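Below is one structure; the comments refer to it alone.
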Amino acid sequence: MKVNDGTSMQVYTSMPDGNGKYPAVIVFQEAFGVNGHIRSVADRIAKEGYIVIAPELFHRTAPAGFEGSYTDFNALMPHFQGITFEGLAADAKACYEWLQQQPNVITSKIGCIGFCLGGRVSFVANATLPLSAAISYYGGSTAPLADKAKDLHGPHLFFWGGLDKHITQEQIDTVINAVKAANKPYTNVVISYADHAFNCDERPNYNKQAASEAWAMSLAFLKNNLG
């Protein structure tokens, strides 16, 4: 897939069974690439009746198909340092424009969901594209983007882990207060007993109860806003 800055980006797609037209969801990865977990998330959403696309956000610095190790975060730093607001917005736009061109997509019903790094990208996407809904799971480094809250398009659902040491309450407050001040529709959920990355069943912080409850709410949110 071509991005408007001249780069090329590999994506993973997943389709619902059956013919007809469907709403669509962009899935934004954690820091570890579009790995088995993210592909599984995409497939689960597709089975709910959505056309799903998951872009490889490190495509400017990593080879196509890159998957990082959960136990070697230092190896990911060059890729983290290579991302910018403009680049992430361009990647989201490329996915959105691809979905607009698909004959089986209801083009007025496109949303996104992201985890960790992807939670931040979900916020970027909702601020730069006319999305119908956006979901951010524990979006690290979203607070520095709080001034973009005034540009949010669709309702935004936020999940945070109450035990998360990576994202402070002050950072959460900065994001949510900015969205509130901008009078944008949002839902803010803090799961007190969950840690960062509670949704990822391949990581030690996985919390089955928190993941189950957040997933049910996410599906209801998508259904209410996308159909």
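Everything numeric here is computed off the predicted structure, so don't read it as measured data. For the single chain, residues carry numbers from 1 onward in sequence order.
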>> I'd like to know whether D151 forms a side-chain contact (heavy atoms from CB on, under 4.5 Å) with T128, so could you lay out the CA-CA distance, the side-chain angles of the two residues, the decisive distance to 0.1 Å, and finally the verdict.
In response: CA-CA 7 Å; D151 301 321; T128 56; over 6 Å; no
>> One pair to check against side-chain contact (heavy atoms from CB on, under 4.5 Å): I172 and T168. What are the steps and the verdict?
In response: CA-CA 6 Å; I172 295 172; T168 66; over 6 Å; no
> Should Y70 and N35 be marked as a side chain to side chain donor-acceptor pair (under 3.5 Å) after you check the CA-CA gap, both sets of side-chain angles, and the distance that decides it?
Replying inline: CA-CA 11 Å; Y70 288 127; N35 59 11; 3.0 Å; yes
>> Let's go through M217 and F159 carefully: what are the C-alpha distance in whole Å and the side-chain angles of both, what is the deciding distance for side-chain contact (heavy atoms from CB on, under 4.5 Å) to 0.1 Å, and is it a yes or a no?
In response: CA-CA 10 Å; M217 190 169 185; F159 289 107; 4.0 Å; yes
>> Between L99 and I51, is the side-chain contact (heavy atoms from CB on, under 4.5 Å) condition met? List the steps.
In response: CA-CA 8 Å; L99 290 168; I51 292 170; 4.1 Å; yes
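For K150 (side chain) and A182 (main-chain N/O), no donor-acceptor pair under 3.5 Å exists by modelled atom type. T174 places a side-chain N or O within 3.5 Å of a backbone atom of E170 that can act as its donor or acceptor partner. For Q171 (side chain) and A143 (main-chain N/O), no donor-acceptor pair under 3.5 Å exists by modelled atom type. With N104 contributing its side chain and K21 its backbone, the two residues share no donor-acceptor pair below 3.5 Å. Between the side chain of H196 and the backbone N or O of D164, no donor-acceptor pair lies under 3.5 Å. The backbone N or O of A214 lies less than 3.5 Å from a partner atom in the side chain of S218, making a donor-acceptor pair. Under the 3.5 Å distance criterion, the side-chain polar atoms of Q29 are left unmatched by any main-chain donor or acceptor of L117. Counting only distance, with no hydrogens or angles, the side chain of T142 and the backbone of G139 share a donor-acceptor pair below 3.5 Å.
Using modelled atom types and a 3.5 Å distance limit, the side chains of D43 and S14 yield a donor-acceptor pair.
Legend: residues meeting side-chain contact (heavy atoms from CB on, under 4.5 Å) with A210, ordered by chain and number and at least two apart, are I191, Y193, A194, F198, N207. In this structure, the side-chain contact (heavy atoms from CB on, under 4.5 Å) partners of S69, at least two apart in sequence or on a different chain, are T71, D72. Partners of R203 by salt bridge (Lys or Arg N to Asp or Glu O under 4.0 Å), not counting sequence neighbours, listed by chain and number: E30. Looking at residues two or more places apart in sequence or on another chain, you find a salt bridge (Lys or Arg N to Asp or Glu O under 4.0 Å) between E97 and K93. Remark: D173 engages no residue in a salt bridge (Lys or Arg N to Asp or Glu O under 4.0 Å) (not counting sequence neighbours). Under the side-chain contact (heavy atoms from CB on, under 4.5 Å) criterion, A220 pairs with no residue at all, not counting sequence neighbours. Scanning for salt bridge (Lys or Arg N to Asp or Glu O under 4.0 Å) contacts around R44 gives an empty result, with sequence neighbours left out.
Linking ILVMFWY side-chain heavy atoms closer than 4.5 Å, directly or via other members, places I167 and V190 in a single hydrophobic cluster. Neither I106 nor Y50 shares a network with the other; the hydrophobic side chains, linked directly or stepwise wherever heavy atoms of I, L, V, M, F, W or Y lie under 4.5 Å apart, form separate groups for each. Under a hydrophobic clustering in which Ile, Leu, Val, Met, Phe, Trp and Tyr are joined whenever their side-chain heavy atoms come within less than 4.5 Å, directly or via other members, W215 and V52 fall into the same cluster. Side-chain heavy atoms closer than 4.5 Å link hydrophobic residues (I, L, V, M, F, W, Y) into clusters, and following such links, possibly through other members, connects M1 to I26.
Residues F28 and S122 form a side-chain contact, since some pair of their non-hydrogen atoms from C-beta on lies under 4.5 Å apart. For the pair C95/M9, a side-chain contact is recorded, criterion being any heavy-atom separation below 4.5 Å from C-beta on. Contact annotation: the side chain of L222 never approaches that of E48 to less than 4.5 Å [non-hydrogen atoms, C-beta and beyond]. Between V27 and I53, every side-chain heavy-atom pair lies at or beyond the 4.5 Å cut-off. Counting heavy atoms from C-beta on, the side chains of F158 and I176 come closer than 4.5 Å. Between L152 and V179 the shortest side-chain heavy-atom distance falls below 4.5 Å.
Summarising the geometry of N225 relative to P155, their closest heavy-atom pair is OD1-CG, 3.4 Å, with the distance given to 0.1 Å. When every heavy atom of S8 is checked against every heavy atom of K2, the shortest pair comes out as OG-NZ, 3.1 Å. Shown here for G49 and P16, the closest heavy-atom pair between the two residues is CA-CB, 4.0 Å. Here the shortest heavy-atom pairing between V34 and E56 reads CG2-CG, 3.7 Å.
Atoms CG and CD1, on L219 and I113 in that order, are 8.0 Å from each other to the nearest 0.5 Å. Separating the SG atom in C112 from the CG atom in L131 is a distance of 5.0 Å, to the nearest 0.5 Å. L163 contributes atom CG, which lies 7.0 Å from atom OG of S192 (distance to the nearest 0.5 angstrom).
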Side chains of residues 73-89: which donor-acceptor pairs under 3.5 Å do they make with residues two or more places apart or in other chains?
from : atom 1 : to  : atom 2 : distance (Å)
H79  : ND1    : T61 : OG1    : 2.8
T84  : OG1    : G87 : N      : 2.9

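The number of heavy-atom neighbours closer than 6.0 Å to CG of N224, taken from other residues, nucleotides and ligands shown, is above 12. Around the CG atom of N19, the shell of radius 6.0 Å holds no more than 12 heavy atoms that belong to other residues, nucleotides or ligands.
Among residue pairs with one or both ends in residues 4-24, none qualify as ring pair (Phe, Tyr, Trp, His ring centres under 6.0 Å); sequence neighbours excluded. Applying the salt bridge (Lys or Arg N to Asp or Glu O under 4.0 Å) definition to pairs two or more places apart or across chains, none involves residues 104-131. Within the structure, ring pair (Phe, Tyr, Trp, His ring centres under 6.0 Å) pairs that include any residue of residues 92-129 comprise F115-Y137, F123-H156 (at least two apart or interchain). Listed by first and then second residue, the salt bridge (Lys or Arg N to Asp or Glu O under 4.0 Å) pairs that reach into residues 58-69 are D5-R60, R39-E67, R60-D91, sequence neighbours excluded.
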